[in-house]
Amino acid sequence: MRKATCANDYHGDNVMLFNLLLAIVLLIEFWLCLTKSDFELLSPAPLNTLVFCLAAALSILGMRTWNEVPLKVDGFSFLLLGCTCFALGALLVRAFWQTRNPRGRHYARPGSLDSHHTHSFEVASWKYLVLFVVVIAAAAIRIHDMTEMAAGAGKHFESYVDLAKWARQVTSSSFSTSNIRMGEGFSLVSRQSDKLVTVIAYCSVFFSVRSIADARGWKGIVPPLSCLLATCGYTILMGSRGPIANYAFASALAFFLLQLRDGRSARLITKKMITIGGIAVLLGIPLFYFSSALVGRMASSSLDSYISFYVSGGLPSFQLALDRGIAASPYPGMRSFYNLYVFAYKFGIIHSLQPYASDFVRIGNHDSNIYTMFFRYFADFGIAGIIVLGTAAGGIFEAMYEYARRHPIPAVVVPFLYVGSNLFDLEREEYVFSRMLNTSVLVIVVLAVIVTLWLTGSLGTYILQLRRHMRGALRREDALDDI
């Protein structure tokens, strides 16, 4: 195991050389990916490359205040390799998809589910009211559970913010495995209602953006937007802000896909996204910074220091892990395929399980446990892990993006928004293999399909088509038996 490098050893004339080099190379790679992706800015290859490029640039800005760990040859090489493999995986899947459909668009068969309610559907106002009531009920159940937990633990808090912060810490499976097997913490009803609120949030994102994109007026915008604001309030009441950032990113994805649906030029949409996104980021950064007080985590650093660390903290953390050496996991691939081992732990196949979150390290005046998406691959499988899993991750995200782009109906787009919103956060943490392979994600995806079909009135149509399909399959099977 290599010895940790002292922070003072980094100070010198060339401390930011590899950070700057990474930012420049990734900027070139971003442009190449953008052109190969037909200027679709939010497709996985250019988007992930751009996010890591921004992280590298902000890590240089952070050296003025907090970043004492500049990249070295190994950190630079592994991060560049990971980003390149991710982009290649995504571009290969895109090329394969285009060879299957050279027209570049999806054309729904008349009478199929894809052709049902693509543009013309209207969601009844009473359905939005039902969703709004569900969010309020879920918040009441969650608050009740938190107060019961505090009373059972003999805790008394002066404010609700302190209660929510404590409950989040003691029930989070990211830092403890006690409630993974034992079922401690929130009740079953509360946990399932939390999943339903997540689904409502992404449905509200899609229908709010769709109403704005289709210029449906205030009557079309206010109901879904009210549901979205309710889910944001629920998130803050639970002592968190991260999901709200995901909702913002999902809104950008939804707008992009809906613009492509209408046949607009990807190049023009990208220009529009850069303008709108730039304004949204300038407005959103101060809101995100000052909202930390609402969840009991008041920022102790300046705005530029806080934001640059939030986005780019994974890069110096990754470098520091390389310098100090990475301890082996008790089981092969545990970091990368964490939730598969959670299943084994739940059923007693293995008897020990590390917490999901990696160890905290101190970088300047910040504590970090984010190491970029590539850390888990490297920690488990070395350079081969970065190449194989990085390429696979890019291909998986691209496959989901392509399917949503070519089937722009709510029952397809909403589940993609839930998963695809993590594309903006891969410079901080891995999501494809370590988080997506679990029952909670599957339940949320299934619920998203059901709720969107119910909202659009397509649920009955879908069930009818499914029954017809099953009957047809049975008839074909009977015919084969007769032969």
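Hydrogens, waters and symmetry mates play no part in the numbers below; they use all other heavy atoms, side chains included. All residue numbers in this chain count up from 1 along the given sequence.
- Side-chain N or O atoms of Arg428 include none that pairs as donor or acceptor with a backbone N or O of Gly313 at under 3.5 Å.
- With rounding to the nearest 0.5 angstrom, the CG atom of Leu47 is 6.5 Å from the CG atom of Leu41.
- Ring geometry for Phe86 versus Phe397: interplanar angle of 30 to 60°, hence tilted.
- A heavy-atom distance below 4.5 Å is not found between the side chains of Ile276 and Ile279.
- Between Ala404 and Val413 the shortest heavy-atom distance is O-CG2, 4.1 Å.
- When atom types are taken as modelled, the side chain of Asn339 and the backbone of Ser434 share a donor-acceptor pair closer than 3.5 angstrom.
- Between Met436 and Val419, some side-chain heavy-atom pair lies under the 4.5 Å cut-off.
- One finds the CG atom of Leu260 at 11.0 Å from the CZ atom of Arg406 (value rounded to the nearest 0.5 Å).
- Take Glu40 and apply the salt bridge (Lys or Arg N to Asp or Glu O under 4.0 Å) test, not counting sequence neighbours, and it matches Arg94, Arg405.
- Within a 6.0 Å radius of NZ in Lys36, other residues, nucleotides and ligands contribute 12 heavy atoms or fewer.
- Contact detail for Ala57 and Ala23: the closest heavy-atom pair is N-CB, 4.2 Å.
- By the 4.5 Å heavy-atom criterion applied to side chains, Val135 and Cys227 are not counted as neighbours.
- A distance of 12.5 Å separates CG in Leu58 from CZ in Phe309, rounded to the nearest 0.5 Å.
- Using a distance-only test at 3.5 Å, with no hydrogens or angles considered, a donor-acceptor pair links the side chain of Ser193 to the main chain of Ser190.
- For the pair Thr439 and Phe343, the minimum side-chain heavy-atom distance is below 4.5 Å.
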side-chain contact (heavy atoms from CB on, under 4.5 Å) assessment of Tyr403 paired with Trp97: CA-CA 9 Å; Tyr403 193 80; Trp97 212 297; 4.0 Å; yes
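- Leu258 and Phe206 make their closest contact through CD2-CE1, 4.0 Å (heavy atoms, listed as atom of the first residue, atom of the second, distance).
- Tyr202 and Ser421 get closest at one heavy-atom pair: OH-OG, 3.4 Å.
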Between side-chain atoms of residues 376-394 and protein atoms elsewhere (two or more places apart, or another chain), which donor-acceptor pairs fall under 3.5 Å?
residue : atom : partner : partner atom : Å
Arg376  : NE   : Glu429  : OE1          : 3.0
Arg376  : NH1  : Arg335  : O            : 3.1
Arg376  : NH2  : Tyr356  : O            : 2.8
Arg376  : NH2  : Glu429  : OE2          : 3.4
Tyr377  : OH   : Glu430  : OE2          : 2.6
Asp380  : OD2  : Arg335  : N            : 3.2
Asp380  : OD2  : Ser336  : N            : 2.6
Asp380  : OD2  : Ser336  : OG           : 2.8
Thr391  : OG1  : Ile387  : O            : 2.5

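- Between Phe207 and Pro223 the shortest side-chain heavy-atom distance does not fall below 4.5 Å.
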Verdict with supporting geometry, Phe30 and Cys53, side-chain contact (heavy atoms from CB on, under 4.5 Å): CA-CA 8 Å; Phe30 160 71; Cys53 177; 5.6 Å; no
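- Taking both residues in full, the closest heavy atoms of Leu455 and Cys203 are given as CD1-CB, 4.1 Å, listed atom of the first, atom of the second, then distance.
- Aromatic pair Tyr371/Phe318: centroids not less than 6.0 angstrom apart.
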Check against side-chain contact (heavy atoms from CB on, under 4.5 Å), Thr235 and Tyr247: CA-CA 11 Å; Thr235 301; Tyr247 303 157; 3.8 Å; yes
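- A side-chain donor-acceptor contact under 3.5 Å links Gln98 and Asp38.
- Applying the side-chain contact (heavy atoms from CB on, under 4.5 Å) test to Ile221 and every residue at least two apart in sequence or in another chain returns Ser211, Ile212, Leu225.
- Between Trp31 and Thr35, the closest side-chain pair of non-hydrogen atoms falls below 4.5 Å.
- Atoms CG and CG, on Leu417 and Leu257 in that order, are 7.0 Å from each other to the nearest 0.5 Å.
- A distance of 6.0 Å or more separates the ring centres of Tyr331 and Tyr345.
- Within the 4.5 Å cutoff, no side-chain heavy atoms of Leu27 are placed close to those of Ile24.
- Ile200 and Val134 make their closest contact through CD1-CG1, 3.7 Å (heavy atoms, listed as atom of the first residue, atom of the second, distance).
- In this structure, CD on Glu427 lies 8.5 Å from OH on Tyr310, to the nearest 0.5 angstrom.
- You'll find the side chain of Phe255 reaches within 4.5 Å of the side chain of Lys272, heavy atoms only.
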Verdict with supporting geometry, Ile370 and Phe375, side-chain contact (heavy atoms from CB on, under 4.5 Å): CA-CA 9 Å; Ile370 55 171; Phe375 167 77; over 6 Å; no
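- Tyr338 and Asn438 share no side-chain donor-acceptor pair at under 3.5 Å.
- A distance of 10.0 Å separates CG in Asn422 from CZ in Phe249, rounded to the nearest 0.5 Å.
- Within a 6.0 Å radius of OH in Tyr431, other residues, nucleotides and ligands contribute more than 12 heavy atoms.
- No donor-acceptor pair under 3.5 Å is formed between the side chain of Ser37 and the backbone N or O of Ser43.
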